[in-house]
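Below is one structure, written out as structure tokens, with a few remarks after it.
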Amino acid sequence: MRHHRSTRRAAAFGSAGVLVTATLIAGAVTAPTASASSVGRHGQDREARGAAIAAARAEKAGIDWQDCPADWGLEKPIQCGWVSVPLDYAKPGGKQIKLAVDRIGNTGTKAERQGALIYNPGGPGGSGLRFPRRVTTKAPVWVNTSKAYDFVGFDPRGVGHSAPISCVDPQEFVKAPKADPVPDSEADKLAQRKLAREYAEGCAERSGEMLPHMTTPNTARDLDVIRAALGEKKLNYLGVSYGTYLGAVYGTLFPGHVRRMVVDSVVSPSREKIWYEANLDQDVAFEMRWKDWQDWVAANDAAFHLGTTRAAVQAKWLELRATAKRNPIGGVVGPAELIGFFQGAPYYDSSWIPVATVFSKYFAGDTQALVDAAAPDLSDTAGNATSENGNAVYTAVECTDAKWPTSWKKWDRDNTRLHKDYPFLTWANAWMNLPCATWPVKQQTPVDVRTGKGLPGVLIVQSERDAATPYGGAVELHKRFKGSRLITEKNAGSHGVTSLVNPCINERVDSYLLSGKLDASDVTCGPHATPKP
């Protein structure tokens, strides 16, 4: 499930209204493993050599920094540029694609500067180009770090301005209402299976040349080429959600190239989890966090009037869902669109008040607020293209990174079982990922993530009740990266912790990025402040 972007345009293919974790999850392919055949090792050796050749070329070429194009929405003094990388690292002299990068210089003195900090927000399919805006907008928790580092963002391969891929016409992609994700019959399941198969075929038709190379290991190689183009001997990296998996794969493939690495809201790097099992784990975690939000809505009944118990709030949700299924609200908001909007609440605490407010307004008689929040805006062609592209990249990376079950019986059995106890997201997430069952290009074997020679201590940050990247993922990466430290935010569940105000966490992230200092042992922090209506 992909990272939740703006709910206004959220739409996922098939019935899964918007779905996502993007920040979440994605996979890895093609790295040497103990069990790899000599052929597999040979292919990886070629890719490693190709990455070294591409990095040397990029170091020589550098980046021609210019003012950003006006329609990118990146104000001065942010600058933009391009880095060329091979489409296929096994053929470094073959076709090249251009990756969009941007930067803002450090705000401190020349003496304070420690290099570039490169960011990935997750997805797969998320753009990192807005990262330098944390400096121009003076985001308080990044003030100290920005004194020492240039903030550098990029569009990963296939995303945004970096050789973007597509699987379906964007205006078709956002049309609403979509079918209810929860099937009532075998015919409903058959219809969803047909949509998933057609979506996979559309990816091959529209983006066939890129598809076999849309993998996490290739994006990690791209990251190393960007490092070299920036003139940096070693990488300073901040990855959130799927960006943590990208960081884990980078740290495995290029352990000696890492200087500092912060990973926040962690995808389990276990090869058994990438990606099918990881998505099933999300369904369980989303249900837990959905209930946390309902408890909060009930505790704030004076503001929202949706009931004083979790059960009462859930009853209102089921009533809204049933109404939208019978007769889509405003003609466009059915159950799929509702999930697309409401899933923001279990994702991010910052969505608690906005989602509850729209929910409350609906039951007070204001249906337009819900339509405005949950329906796609068909006139927003640029936004719809961004949504479609993000979904295409999410699908391409997760499906190509790893082998997925091809048996419909297995999908049906696993999701039917989970739906009984975890109904909020299970079927929507299943349909979003089902193209992977009929994926038209070869699926890879995920990288065996582990500590390599030269890897420094990595800082891992995770909230205990995260829905998109369940807590076990952070524990698993901590085990695999020797010398890493884990900061746990107890009794909290927002996705993406490092940008929230929590001094216990913020001070440690600053300290690590500025001095390399890690605590002597793992740390447990209390929660950040709960939203107040």
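Given the structure is predicted, the values throughout are model-derived calculations rather than measurements.
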Look only at the side chain of D67 and the backbone of K76, and say whether a donor-acceptor pair between them is shorter than 3.5 Å. no
State the CD1-CD1 distance between I487 and I505, to the nearest 0.5 angstrom. 6.5 Å
Would you say the side-chain atoms of S146 pair up with the backbone N or O of V143, donor to acceptor, closer than 3.5 Å? yes
Give me the atom names and distance for the closest heavy-atom approach of Q171 to L378. NE2-O, 2.8 Å
Side chains of T395 and W439: donor-acceptor distance under 3.5 Å anywhere? no
Show the nearest heavy-atom pair for residues P440 and L211, with the distance to one decimal. CG-CD2, 4.2 Å
Any donor-acceptor N or O pair under 3.5 Å, side chains Y89, D222: yes
With the side chain counted from C-beta on, respond yes when I165 and C203 share a heavy-atom pair under 4.5 Å apart, and no when they do not. no
With side chains defined as the heavy atoms from C-beta onward, is the minimum distance between I97 and S162 less than 4.5 Å? no
Parallel, tilted or perpendicular for W408 and W431, by the 30°/60° rule? parallel
Can a donor-acceptor pair be found, under 3.5 Å and without considering hydrogens, that links the side chain of R227 to the backbone of E232? yes
Steps toward side-chain contact (heavy atoms from CB on, under 4.5 Å) verdict (T438, E201): CA-CA 9 Å; T438 56; E201 289 163 357; over 6 Å; no
Let's go through S207 and M214 carefully: what are the C-alpha distance in whole Å and the side-chain angles of both, what is the deciding distance for side-chain contact (heavy atoms from CB on, under 4.5 Å) to 0.1 Å, and is it a yes or a no? CA-CA 10 Å; S207 306; M214 289 294 298; over 6 Å; no
For residues S166 and R206, is any side-chain donor paired with an opposing acceptor at under 3.5 Å? yes
D64 side chain to G81 backbone, donor-acceptor under 3.5 Å: no
Regarding E476 and S270, do their side chains bring together a donor and an acceptor under 3.5 Å, going by distance alone? no
Separation between CZ of R157 and CE of M210, rounded to the nearest 0.5 Å: 6.0 Å
Strictly distance-based, threshold 3.5 Å: is any side-chain N or O of Y237 a donor or acceptor partner for the main-chain N or O of G251? no
With no hydrogens and no angle check, do the side chains of N236 and R259 hold a donor and an acceptor under 3.5 Å apart? yes
Flag side-chain contact, heavy atom, 4.5 Å: Y119 against P132: no
Going from CG on N106 to CZ on F151, what distance comes out if it is rounded to the nearest 0.5 angstrom? 10.0 Å
Check against salt bridge (Lys or Arg N to Asp or Glu O under 4.0 Å), R221 and D224: CA-CA 5 Å; R221 296 176 185 113; D224 200 58; over 6 Å; no
If we only count heavy atoms from C-beta on, is the E277 to L280 side-chain gap below 4.5 Å? yes
Please test L230 against I226 for side-chain contact (heavy atoms from CB on, under 4.5 Å), starting from the C-alpha separation and ending with a verdict. CA-CA 6 Å; L230 289 164; I226 292 170; 4.0 Å; yes
Beyond-backbone contact of Y199 with L434, side-chain heavy atoms, under 4.5 angstrom: no
Verify side-chain contact (heavy atoms from CB on, under 4.5 Å) between W404 and N279, making sure each step is shown before the conclusion. CA-CA 11 Å; W404 286 70; N279 278 281; 3.8 Å; yes
Looking at A474 and L486, what are the two nearest heavy atoms and their distance? CB-CD1, 3.9 Å
Spacing of OG1 belonging to T244 relative to CD1 belonging to I460, to within rounding of 0.5 Å: 9.0 Å
Rounded to the nearest 0.5 Å, what's the gap from CG on L513 to NZ on K147? Could you check? 14.5 Å
If you look at every heavy atom in Y471 and Q462, which pair is closest and at what distance? CD1-CG, 3.4 Å
Smallest separation among heavy atoms of S515 and S511, with atom names: OG-O, 2.6 Å
Could you tell me whether the side chain of S265 and the main chain of G496 form a donor-acceptor pair under 3.5 Å? yes
For Y394 and N433, does a side-chain donor sit closer than 3.5 Å to a side-chain acceptor? yes
Heavy atoms, side chains only, cut-off 4.5 Å: are R271 and K403 in contact? no
If you define the side chain from C-beta out and look only at heavy atoms, does anything of F154 sit under 4.5 Å from F131? no
Whether the side chain of N389 engages the backbone of A385 through a donor-acceptor N/O pair (distance < 3.5 Å, no angle test) should be reported. no
Look at the side chain of K178 and the backbone N and O of F173, then say whether any donor-acceptor pair between them is shorter than 3.5 Å. yes
If you round to the nearest 0.5 Å, how far is CG of D466 from CD of Q282? 9.0 Å
In terms of heavy-atom contacts, T252 and V449 come closest through OG1-CA, 3.3 Å
Are I274 and V267 packed together at the side-chain level, in the sense that at least one heavy-atom pair is separated by less than 4.5 angstrom? yes
With no hydrogens and no angle check, is any side-chain donor or acceptor of K138 less than 3.5 Å from a backbone partner on V135? no
Parallel, tilted or perpendicular: which describes the rings of W72 and W82, with under 30° parallel and over 60° perpendicular? perpendicular
Out of Q114, R113, R103, which one pairs with D150 under the side-chain hydrogen bond (donor to acceptor under 3.5 Å, both in side chains) rule? R113
Examine distances only and state if a side-chain atom of D155 and a backbone atom of H161 form a donor-acceptor pair shorter than 3.5 Å. yes
